[in-house]
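This report concerns only the one structure given below.
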Amino acid sequence: MKKIIFIICVIFNLCYYSYAYTDIDSNYWAYSSISQLTQQGILAGYPDGKFNPEDRMTIAEFLTVLVKIIGYDADVSITSPHWAQGYIDCAIKNNIVNMEDYVAFNPDEYITRWEICKMIVDSFEKTKNAKNTTLGTSFLDISSQNYEEQ
């Protein structure tokens with residue numbers, strides 16, 4: 001019986017600590033959200049055991065998370081020099097990314113707030129044909145003259 005309890009404790013600890021990152025403790029403001037999304041397989045962190053919560057996201061990182069959240073089946077068996085190629089291809093196939101928006105698509109560039117918003121809106125089939133309107137909200141980093149960004 002003690003052996004079974006010991007094995008259960010070891011398995012519990014392995015499961016618990018497999019979601020722990022070396023650079024986030026339980027007092028971090030987003031700890032529970034990061035832990036929950038990691039347990040669901042949406043977030044994965046970095047191979048060195050860090051999450052880097054204060055770093056900016058790249059296009060590839062965001063597309064990976066978005067494709068996972070939506071529930072698309074990305075072909076991650078693709079052998080490619082880029083770690084996220086399966087997720088990127090899935091996002092392109094499902095019209096989350098419009099390659100015409102880019103002069104040169106670089107998935108390792110930091111993603112902008114505008115790109116995030118556009119990709120989220122484009123990911124919702126019901127809103128793809130929605131009328132573009134501004135809601136009178138202004139953002140200091142977006143030109144009021146740029147209708148598409150607004």
Side-chain angles (χ1 to χ4, degrees), residues 11-150:
I11 291 171
F12 175 78
N13 283 331
L14 287 174
C15 291
Y16 177 78
Y17 287 110
S18 67
Y19 303 120
Y21 299 105
T22 59
D23 58 343
I24 298 175
D25 65 23
S26 60
N27 295 323
Y28 186 70
W29 69 272
Y31 176 80
S32 65
S33 297
I34 292 168
S35 296
Q36 184 177 27
L37 290 170
T38 300
Q39 290 173 17
Q40 294 173 358
I42 293 169
L43 299 178
Y46 293 91
D48 64 357
K50 293 183 179 180
F51 186 77
N52 299 328
E54 302 300 323
D55 286 359
R56 295 170 56 193
M57 286 185 96
T58 65
I59 295 170
E61 291 167 339
F62 180 76
L63 287 176
T64 300
V65 170
L66 186 57
V67 164
K68 287 179 178 181
I69 287 173
I70 293 170
Y72 286 131
D73 290 323
D75 183 1
V76 294
S77 67
I78 297 172
T79 48
S80 170
H82 198 280
W83 66 269
Q85 194 61 53
Y87 296 103
I88 294 166
D89 292 344
C90 182
I92 292 168
K93 175 184 164 194
N94 289 288
N95 300 313
I96 295 172
V97 174
N98 182 352
M99 296 307 284
E100 294 175 7
D101 290 340
Y102 296 91
V103 174
F105 181 77
N106 180 356
D108 295 319
E109 285 183 5
Y110 293 123
I111 193 162
T112 65
R113 186 169 61 168
W114 176 81
E115 289 171 306
I116 290 170
C117 292
K118 187 168 187 327
M119 289 176 190
I120 289 173
V121 169
D122 288 346
S123 70
F124 295 117
E125 194 166 294
K126 291 181 181 178
T127 61
K128 285 183 181 176
N129 297 318
K131 182 179 177 184
N132 288 328
T133 60
T134 58
L135 301 175
T137 305
S138 62
F139 298 96
L140 299 176
D141 59 336
I142 298 175
S143 168
S144 62
Q145 305 301 314
N146 189 331
Y147 182 75
E148 184 176 335
E149 287 185 10
Q150 286 289 336

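What you are looking at is a predicted structure, and each value in this text was computed from that prediction instead of being measured.
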If we only count heavy atoms from C-beta on, is the [X] to [Y] side-chain gap below 4.5 Å?
X: Lys118; Y: Val121; value: no
X: Met57; Y: Ile116; value: no
X: Asp101; Y: Glu115; value: no
X: Ile120; Y: Phe62; value: yes
X: Ile69; Y: Ile42; value: yes
X: Asp89; Y: Asp75; value: no
X: Pro53; Y: Asp23; value: yes
X: Leu43; Y: Val65; value: yes

Practice task
State whether the number of non-hydrogen atoms from other residues, nucleotides or ligands found under 6.0 Å of Asp25 atom CG is greater than 12.
Solution key: yes
Exercise for the section: Please check if the side chain of Ser35 supplies one atom and the backbone of Ser32 the other of a donor-acceptor pair under 3.5 Å. Expected result: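 Flag not set: sc Ser35 to bb Ser32 has no pair under 3.5 Å.
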Please round to the nearest 0.5 Å and tell me the distance separating atom [atom1] of [X] and atom [atom2] of [Y].
X: Trp114; Y: Met119; atom1: CH2; atom2: CE; result: 8.0 Å
X: Glu100; Y: Asn98; atom1: CD; atom2: CG; result: 5.0 Å
X: Leu66; Y: Ile59; atom1: CG; atom2: CD1; result: 13.0 Å

Practice task
Tell me, with the steps shown, if Ile96 and Leu63 meet side-chain contact (heavy atoms from CB on, under 4.5 Å).
Solution key: CA-CA 8 Å; Ile96 295 172; Leu63 287 176; 4.1 Å; yes
Could you tell me which non-hydrogen atom of [X] sits nearest to which non-hydrogen atom of [Y], and how far apart they are?
X: His82; Y: Ala60; value: CE1-CB, 3.5 Å
X: Tyr72; Y: Cys90; value: CB-SG, 3.4 Å
X: Tyr21; Y: Ala44; value: OH-C, 3.5 Å

Exercise for the section: Take Glu61 and Ile111, measure what side-chain contact (heavy atoms from CB on, under 4.5 Å) needs, and give me the verdict at the end. Expected result: CA-CA 9 Å; Glu61 291 167 339; Ile111 193 162; over 6 Å; no
Practice task
Evaluate side-chain contact (heavy atoms from CB on, under 4.5 Å) for Tyr46 paired with Thr22, printing each intermediate quantity in order.
Solution key: CA-CA 10 Å; Tyr46 293 91; Thr22 59; over 6 Å; no
Problem - Within residues 85-107 or reaching into it, pairs that qualify as ring-ring contact (aromatic ring centres under 6.0 Å, His included) - sequence neighbours excluded - result: Tyr102-Phe105
